[in-house]
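Proteins come first, then strands; the chains are lettered A, B, ... in the order of their sequence lines, and each starts at number 1.
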2 protein chains.
Amino acid sequence: MTTLHGSPTFRPLYEQIKILITQSLVSGEWKPGEIIPSEIDLAKRYKVSQGTVRKAIDELAAENILVRRQGKGTFVATHTEEKRKYYYLRLFNESGEKEEPVSELLTWNKIKADAKMAHVLGVRKGSPLIELTRVLRMNGKPVIYDEIRLSPTLFKGLTAAKINEFQGTIYSLYETLYGLRIVQAEERLKAIPASPKVAGHLGLKAGEPILSIERVALTYGDKPVEWRVSLCNTENHYYLNEIG
Amino acid sequence: MTTLHGSPTFRPLYEQIKILITQSLVSGEWKPGEIIPSEIDLAKRYKVSQGTVRKAIDELAAENILVRRQGKGTFVATHTEEKRKYYYLRLFNESGEKEEPVSELLTWNKIKADAKMAHVLGVRKGSPLIELTRVLRMNGKPVIYDEIRLSPTLFKGLTAAKINEFQGTIYSLYETLYGLRIVQAEERLKAIPASPKVAGHLGLKAGEPILSIERVALTYGDKPVEWRVSLCNTENHYYLNEIG
DNA sequence: GAGTGGTCTAGACCACACC
DNA sequence: GTGTGGTCTAGACCACTCC
């Protein structure tokens with residue numbers, strides 16, 4: 001690979017390497033949980049120095065796309081491993097613990113994308129979407145009511161049965177069954193009154209305050225994969241955010 | 001500086017450099033907004049290679065403690081500069097814009113630290129604290145009611161008059177008048193019903209849902225400086241969180 | 001042109017995991 | 001021991017800013 005220094009559209013070599021590595025992740029050459037070639041091998045493959053590969057991997061590791069393990073190698077991050085399992089769940093109980101949620105699927109429906117869904121999911125208005133609703137219980141009590149919307153183009157053949165029989169979180173289902181790894185999410189939070197329906201699911205009275213978390217989840221290359229809204233009973237839990 | 005490789009308490013050189021740089025920041029050798037010595041000069045000073053200094057600065061820049069500017073130098077980050085001015089304010093209006101808040105100080109009081117305040121602010125139970133309350137208006141309308149608690153040990157002589165006459169955000173006040181730069185914050189969010197008092201300040205009815213944001217703000221070395229709770233009317237605003 | 005940070009290289013050696 | 005990532009060095013050259 002030749003340097004592009006001095007070129008009008010200057011891009012550092014390591015960024016180009018990042019793109020090449022990401023392409024191999026998207027194409028499935030290296031799957032979640034698998035090891036990727038060593039830095040030395042990648043340096044040979046891309047015809048750059050080990051230091052340049054290192055910088056590319058450093059940034060991908062900082063973005064939680066790869067995981068380095070000294071003495072072992074570099075691995076594709078996965079939602080299957082314990083540490084990342086509930087990475088996107090920001091709810092803690094009053095003791096500061098993250099409780100293991102138990103999910104119950106309530107409904108599975110085909111709906112049509114309105115203007116907003118079309119925009120955030122990058123599909124045409126009126127195109128079909130899958131809509132799931134579920135309740136997450138922590139310590140036996142319902143805490144979160146989820147409404148999840150997915151494009152059936154990305155999730156071909158996703159049925160309620162498939163979801164119910166799958167062992168693991170829904171993001172590890174995306175990953176395992178559809179090769180879609182969630183690497184980023186954007187959440188918008190509001191305090192809203194509980195509707196009668198949601199209040200019923202969460203054991204609250206209608207009108208009581210609940211935390212609404214609207215999320216867009218993205219895969220490699222900022223591609224939107226999922227929209228959801230999580231309605232949370234925050235009587236005994238809080239949403240934690242650390243601002244660095 | 002000699003390498004500690006092989007030592008039982010192995011610490012990479014660049015981490016030691018990070019600590020040394022941070023010490024100079026705490027001691028005030030380099031103040032917010034000021035330039036620090038060039039990488040080459042720091043390398044000479046600490047008797048390490050430029051690459052090692054570079055890695056230390058890289059991490060401090062990633063932590064928003066330093067700011068690199070190509071061709072100019074490396075600077076101590078500051079809340080005074082436009083980009084960082086409202087960095088810890090995560091509230092956006094429905095158009096996705098961050099609105100400029102206007103602050104009105106409501107009360108200034110001396111209180112005593114209860115067990116919780118003592119714990120989070122690292123002071124003795126019963127020791128004096130300063131308590132401020134204020135309202136933040138956006139676009140003329142009250143959106144946030146703040147309750148802020150500070151240790152008078154760190155903020156000697158902080159009076160209501162001093163706050164009122166200060167031009168700029170309260171974090172730039174901490175920085176300019178007391179040399180305390182906020183570099184990190186931990187926020188705990190809940191949806192709660194508005195109390196009659198807070199409802200009055202925010203133009204809501206008592207019991208309507210508001211977003212409660214409890215924040216502990218830290219300076220260098222994870223030292224707590226401020227506790228606050230922000231009670232937000234999220235009818236026309238949302239709290240944004242990007243999870244990487 | 002001089003000085004700063006940014007990129008890239010090549011090579012040495014250390015720490016860690018696995019055999 | 002071998003192979004992996006992690007640290008550290010020295011040096012070259014590029015890009016940006018200011019004079």
Side-chain angles (χ1 to χ4, degrees), chain A residues 1-21 24 30 33-77 81 83, chain B residues 1-21 24 30 33-77 81 83:
Chain A
M1 176 165 307
T2 61
T3 177
L4 287 186
H5 277 179
S7 142
T9 55
F10 169 62
R11 263 247 172 103
L13 251 184
Y14 72 85
E15 279 191 16
Q16 303 179 44
I17 305 298
K18 268 182 79 173
I19 293 171
L20 291 173
I21 292 174
S24 290
W30 308 315
E34 289 181 3
I35 193 169
I36 72 169
S38 74
E39 294 178 353
I40 293 171
D41 289 348
L42 287 174
K44 282 180 199 152
R45 168 166 168 170
Y46 299 130
K47 297 195 170 53
V48 297
S49 77
Q50 187 186 353
T52 301
V53 170
R54 166 161 282 274
K55 175 137 187 172
I57 293 178
D58 274 347
E59 296 209 346
L60 290 168
E63 295 166 29
N64 293 312
I65 289 173
L66 297 177
V67 177
R68 323 191 70 140
R69 292 198 200 121
Q70 191 177 63
K72 291 188 179 174
T74 302
F75 299 77
V76 184
E81 60 183 313
K83 249 195 73 180
Chain B
M1 177 164 306
T2 62
T3 176
L4 289 185
H5 277 177
S7 141
T9 55
F10 169 62
R11 262 250 171 102
L13 252 184
Y14 71 86
E15 280 190 16
Q16 303 179 44
I17 306 298
K18 269 182 79 173
I19 293 170
L20 291 173
I21 292 175
S24 291
W30 309 314
E34 288 180 3
I35 192 170
I36 72 169
S38 74
E39 293 178 353
I40 293 171
D41 288 349
L42 288 174
K44 282 180 200 152
R45 167 166 169 169
Y46 299 130
K47 296 198 170 49
V48 297
S49 77
Q50 187 186 355
T52 301
V53 170
R54 166 159 282 274
K55 178 139 185 171
I57 293 178
D58 274 348
E59 295 208 347
L60 290 169
E63 295 166 28
N64 292 313
I65 289 173
L66 297 177
V67 179
R68 323 190 71 141
R69 293 200 198 120
Q70 190 175 48
K72 290 188 180 176
T74 302
F75 299 77
V76 184
E81 61 184 313
K83 252 194 74 181

Look at the side chain of [X] and decide which nucleotide, out of [options], has an atom nearest to it.
X	options	answer
B:Phe10	D:dT7, D:dG6, C:dT9	D:dT7
A:Tyr14	C:dA15, C:dC8, D:dC8	C:dC8
A:Ser49	D:dT7, C:dT9, D:dG5	C:dT9

Nearest-Å distance, [atom1] ([X]) to [atom2] ([N])?
X	N	atom1	atom2	result
A:Glu59	C:dT7	CD	P	8 Å
A:Lys44	D:dT4	NZ	C1'	13 Å
B:Ile17	D:dG6	CD1	P	20 Å
B:Glu39	D:dC8	CD	P	15 Å
B:Asp58	D:dC8	CG	C1'	14 Å
A:Gln50	D:dG6	CD	C1'	10 Å
B:Ile35	C:dG3	CD1	P	14 Å
A:Tyr46	C:dC8	OH	C1'	18 Å

Looking only at side-chain N and O atoms, does [X] come under 4.0 Å of OP1 or OP2 in [N]?
X	N	answer
A:Arg68	D:dT4	no
B:Lys72	C:dG5	no
A:Thr74	D:dT4	no
A:Thr52	C:dT9	yes
A:Lys55	C:dT7	yes

>> Nearest heavy atom decides the nucleotide; on that basis, is A:Gly51 or A:Gly71 closer to the 5' end of DNA chain C?
In response: A:Gly51
>> Would you compute the distance between atom OG1 of B:Thr52 and atom CD of B:Gln50 and round it to the nearest 0.5 angstrom?
In response: 10.0 Å
>> Once rounded to the nearest 0.5 Å, what's the spacing between atom CD1 of B:Ile21 and atom CG of B:Leu66?
In response: 6.5 Å
>> Looking at every heavy atom in both B:Ala77 and B:Asn64, which two are closest together, and how far apart are they?
In response: CB-O, 3.4 Å
> Can you name the closest pair of heavy atoms from B:Glu81 and B:Val67 and give their distance?
Replying inline: OE2-CG2, 4.2 Å
> With a 4.0 Å cut-off on heavy atoms, is B:Arg54 in touch with a base, just the backbone sugar-phosphate, or nothing at all?
Replying inline: base
> Step by step, would you call B:Gln16 with B:Val48 a side chain to side chain contact (heavy atoms under 4.5 Å, CB included)?
Replying inline: CA-CA 11 Å; B:Gln16 303 179 44; B:Val48 297; over 6 Å; no
